[in-house]
Amino acid sequence: MDKRKKTDQEDNGVDREFISKNLEAERRRRKKLNDRQLELRSLVPIITNMNKATIITDAIAYIEELRNSVEELTDQILQMEATDENRNTKNEDININDDDHPMKIAEVEVNHICGTKIWIKIIVQKKRGRLTKLMEAISVLGFHLIDICITTSQQAILFTSSAE
Amino acid sequence: MISCKFICQLLQFIVFFISGTNTDPQSTTDKRKTKMYEQSSNFDPAMNLHEEERGIIGQNDVVNYPHENPKIAAMEMELHHQLNLEIEHCFNNGCQQINNWQVEQMNASFNLENHHNQNQNQNQDPIFNTTQYPTTTDLLNIFPFPKYPSLLSNSSMSFSTHNKNSSNNNFLASLGLMGEINPNAGGDGTSASGSVIYDPLLPLNLPPQPPSLRDLFHSLPNNYAKNGGCSLFGNVDERDNNNNHGNVGLMYQNDNGVFEFTATGEIDCVGKNRDGKDIKHFATEKHRRVQFKGKFDDLRKLVPNPTKNDRASIVQDAIDYINELKRSVAELQLLVEKKRCSRERMKRPKMENNENENESNSLGNLESGSSLRSSWLQRKSKNTEVDVRIVDDEVTVKLVQQKRINCLLYVSKVLDELQLDLHHVAGGLIGDYYSFLFNSKICEGSIVYASAVANKLIEVVDKQYAAIPPSSSY
């Protein structure tokens, strides 16, 4: 913890003010650090000693431990998923095939606002992957989307956007 | 580690000698000698010499340390003196040819032995003495020192072992001798090369710079600090202060294998007087602070999104990260459980969420349902910030990216990959940034966990950014 000393001004009174302000600031800073360290210690279940250095050491150890368990669990999940995939792939294939059917577009509306801006509104049948195709199309057209709002309800996707 | 080994060996060595004093028969000592010779790997000329000596000395068995005979003491002192002179000689010449020195040493001991033999042929004791020296150095050869400084350490070793086993008088005398030599050898108390008793050894090893010595001493375990002072400066002072404690402190300098013995006792150590405690505290305090800072740095490295570099925010980041990890662990555990449950064909409680009632429902669902899964992650990269919240089925992604390229396309691709059904998207260009909010739902049966979502998003977005410079000049 460095103690920074402010450079002196002419007056003693001003000095004292600065120093006390600095003192206050320093005290607050230290307090903040200590409070946070306490908080850290309260989180960590394994506490050996109660001094500052060990708080940090224990926190490091705990973080490592948590990380390891996260990795373990994710591996586990991936494994389980791998075994489950065999069951599920067939279903997904069917879904994708459906998507390839031409999409039903209910409504498209384009309005010109001002300058180069236009306003687009599209209602499409809800299927997975619609947005992607939409975005592809828009980027192909070279529009920059200024803002977007998409909502879905039941089977329809409403896409409104202003673009330029 | 090395110092521990050394101490073990030293103790063995001492025990060896002590036990050596207790046994009589010649054969055992001869066996021991052969053992010693076999074990010693370094000094062949020594071995040759010693074999000759063995022939001369022959039937002597005991390696006797306690010397009642004043003559023997005198001999010893002479030998010490000679060895000291050798050291000094070496030092003065900047002697790097260790073998020569060693040969000289052997010669010196040899001369002394001859001297002994001439004077007291019939007397067994001096012969004991003479055997002592070669065997001393032999035993010293046993220690696995790195070659070049070992001679130096040999000399110091002999002093120390002598110290342990001999009477006080001899010790005093030998130290006195050492004290004599020190000023000549350039004991410079204030220099960082560390002065005082075993100074002549140090200058020979100056190539590793003094700061390294200091660092080394600082890195020694605290035990050594207690014994003999582990800091350079503390070294001096410990000896000064601990004159009456009778400690023998050991320091092993890793780089060079030089041993320093802070032999304290009733002797006034040669050295400059300083404020012992201040310097010692300064060194250890500094060491402590450096270590402390190192730990903060370690902590910072662990955290994924380090922000500022000052201690308070490091701690704060650590707190946040711990909380995040805890949530992730809980989430993953839930997932695993769910997987198992679904495998066993148990139905989960269905949560119905319309996109409009997302927030309120999710809050309500937090109380109900024991198997509710919730997690929240934030990830930042240079251009992007991703905030992923998962509550049971719902995945809410907040994405903030710098205005460079419209990444909606790629984001939507990623969301499709992850099998998330978009329910609601809102966002747009705000000042410099694109900001989007995606509400989506996880398909049944797919495994998505927060960190995966976040990581993928960041990955994709960054990839696009990386691909930008060559393609567009926007």
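Just so we're clear, the structure is a prediction, and the values are computed from it rather than from any experiment.
- Using a 4.5 Å heavy-atom cutoff, the side chains of L33(A) and D310(B) are not in contact.
- Between the OG1 atom in T151(A) and the CG atom in N439(B) there is a gap of 11.5 Å [rounded to 0.5 Å].
- With a 4.5 angstrom heavy-atom cutoff, Q291(B) does not touch chain A via any of its atoms.
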**Pair F436(B)-I148(A), side chain to side chain contact (heavy atoms under 4.5 Å, CB included): steps then yes or no** = CA-CA 9 Å; F436(B) 297 106; I148(A) 297 177; 4.2 Å; yes
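- In this structure, chain A has no heavy atom under 4.5 Å from any part of K293(B).
- Put simply, of A318(B), S435(B), G427(B), S313(B), the one with the most heavy-atom pairs under 4.5 Å next to chain A is G427(B).
- Here the CD1 atom belonging to I322(B) is positioned 10.0 Å from the CD atom belonging to E39(A), to the nearest 0.5 angstrom.
- Counting heavy-atom pairs closer than 4.5 Å to chain A, the top residue among V315(B), V303(B), I314(B) is V315(B).
- The shortest side-chain heavy-atom distance between L66(A) and Y321(B) does not fall under the 4.5 Å cut-off.
- For the atom pair R311(B) CZ and R36(A) CZ, the distance stands at 14.0 Å (nearest 0.5 Å).
- The residue from I55(A), I56(A), T54(A) that alone fulfils the side chain to side chain contact (heavy atoms under 4.5 Å, CB included) condition with K295(B) is I56(A).
- Between the side chain of H424(B) and the backbone N or O of T152(A) there is no donor-acceptor pair closer than 3.5 Å.
- The shortest distance between side-chain heavy atoms of L299(B) and I63(A) falls below 4.5 Å.
- The line from CG of L40(A) to CD of Q316(B) is 9.5 Å long, rounded to the nearest 0.5 Å.
- With rounding to the nearest 0.5 Å, the separation of CG in L302(B) from CD in E64(A) is 5.0 Å.
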